[in-house]
Amino acid sequence: MPYSFFVLSRQHEELARDEVIAISKSYDPKAIFNSESRLVIGRSVIPWNKIFQRATFVRLSGNIVGTFSEPSEIYLPISKPDSFACRTINLSSKKVDLSSLEREIGTILKRKWNSKVSLSDPHLTVYLIITDTKQYLGYSEINVGLKRPKKVIKRPHELDWRLSRCMVNLSGLKEGKTLCDPFCGTGTILLEAESMGIDTIGIDFDGKMCDITKRNLAENGYTSRVINSTYHHIERISDKIDAIVTDLPYGTASKSSTSPKKLIKDFLSIIPKKKKLVMVYKKGLDIEDLSGAKKYEIYRHKSLTRVISVR
Ligand SMILES: C[S@@+](CC[C@H](N)C(=O)[O-])C[C@H]1O[C@@H](n2cnc3c(N)ncnc32)[C@H](O)[C@@H]1O
């Protein structure tokens, strides 16, 4: 089984790590992970680029060959690339002369392969990743980035696409499964889910929001169903959905039928307990019904900290 590495972005480290693990486990439940600082190393049958294309908070990814202590020990079990570049990533607490290390290893590999060095568009990138305990050697062929949907109509209360995408990934759904967002607003969660091949159903009690979502979906050629109803509609379609991923009303910018606290309590009482639930709400609502859930706090500004709950 190959080893892959994922260097997480500085933002939301715990969320980023759990997102990588949730995506991997949805394809390979036996995947194993270790992490140190912003580096996650996984052993799984899933190629790293499958996970990288979905993950929101991963900066770099590739295969791990092993560890090294001296540059002269470096060995890459791959055939000679047409062109390559070396990149050093220091995730340790010590200062490292990265450019010297990069040059030294670049010279060794150039001598071995006699390939062109291309910093802007290499066929192969060799990574030297330094943590406080180890030095890892990794590589990747051409990186394919995220495939992002277009959003033509936006609203101030919409959820950031990064959090939306990450929440979809935390649900552990893979292609062909069905996600429901019963407070879909402008459709951000639906768009991110469908861009990853997940079927979706959106619900919103505000007809204008349903129209906006439909426009946003149509712009991408997506076929999610959008139902103009209250969240209670979920009880009628629960056998068709695999997970609920949603962003609850805050009681400020977006319309709500009742107070946010009452609404969440009622919402949690009607949804099927066995369905995976990923929801985001404003911190301070203290929802007892979610005591067993994993929670992540996301600070936005002094009057808004969000909580993502995964149950
Ligand atoms: C925070 S917004 C969702 C924003 C959405 N994530 C986006 O990115 O656009 C909450 C949505 O819940 C809808 N809503 C409020 N009360 C509802 C209810 N009882 N049933 C269904 N939808 C409701 C509002 O119309 C609003 O669009």
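Read the numbers this way: they start at 1 and go in the same order the structure lists the ligands and their atoms.
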Q.
Is there a path of hydrophobic side-chain contacts, each under 4.5 Å between heavy atoms of I/L/V/M/F/W/Y residues, joining Y127 to I78?
A. no
Non-hydrogen atoms of D204 versus ligand 1: any pair closer than 4.0 Å?
yes
- Task: Give a yes/no verdict on whether any heavy atom in H157 is under 4.0 Å from an atom of ligand 1.
- Result: yes
Atom NZ of K94: over 12 foreign heavy atoms under 6.0 Å: yes
Logged contact type for S164 with ligand 1, heavy-atom cut-off 4.0 Å, is neither
Hey, is the main chain of G185 close enough, under 3.5 Å, to the side chain of T213 for a donor-acceptor pair? yes
- Message: One thing to verify: whether D160 and R162 come together as a salt bridge, which I'm taking to mean a side-chain N less than 4.0 angstrom from a carboxylate O.
- Response: yes
Any side-chain donor near an acceptor of the partner, D266 and H232, under 3.5 Å
yes
- Charged N-O contact under 4.0 Å between R306 and E297: no
So the atoms of ligand 1 within less than 4.0 Å of a heavy atom of Y231 turn out to be 18 (C), 19 (N), 20 (N), 21 (C)
Contact region, M209 to ligand 1, non-hydrogen atoms below 4.0 Å, reads side chain
Less than 4.0 Å between a side-chain N and a carboxylate O, is that true for K276 and D242?
no
Short version for L248: what comes under 4.0 Å of ligand 1, heavy atoms counted, is backbone
Quick note on ligand 1: atoms under 4.0 Å from a heavy atom of T186 include exactly 7 (C), 8 (O), 9 (O)
*Is V96 close to T88 at the side-chain level, that is, under 4.5 Å between some pair of heavy atoms?*
no
So the atoms of ligand 1 within less than 4.0 Å of a heavy atom of S229 turn out to be 21 (C)
So the atoms of ligand 1 within less than 4.0 Å of a heavy atom of P182 turn out to be 21 (C), 22 (N)
For T188, the atoms of ligand 1 under 4.0 Å from one of its heavy atoms are 7 (C), 8 (O), 9 (O)
Item to complete: Start with the C-alpha distance between D204 and Y231, add both sets of side-chain angles, then the distance that settles side-chain hydrogen bond (donor to acceptor under 3.5 Å, both in side chains), and finish with yes or no.
Response: CA-CA 7 Å; D204 202 294; Y231 58 85; over 6 Å; no
What one should report as the nearest heavy-atom pair of R311 and A293 is CB-CB, 4.1 Å
The salt bridge (Lys or Arg N to Asp or Glu O under 4.0 Å) partner of K151 among E158, E219, E192 is E158
- Query: N/O to N/O below 3.5 Å, does that happen between K151 and ligand 1?
  - Reply: no
Check your understanding: So is I203 polar-close to ligand 1, meaning N/O to N/O under 3.5 Å?
Key -> no
Give yes if a backbone or side-chain nitrogen or oxygen of L159 is under 3.5 Å from a nitrogen or oxygen of ligand 1, and no if not. yes
Looking only at non-hydrogen atoms, the one of F205, F267, W161 nearest atom 23 (C) of ligand 1 is F205
TODO: Return yes or no for this condition: an N or O of E158 is under 3.5 Å from an N or O of ligand 1.
DONE: no
Atoms of ligand 1 under 4.0 Å from any heavy atom of D206, numbered from 1 in the order shown, are 25 (O)
Y250 heavy atoms within 4.0 Å reach ligand 1 at atoms 1 (C)
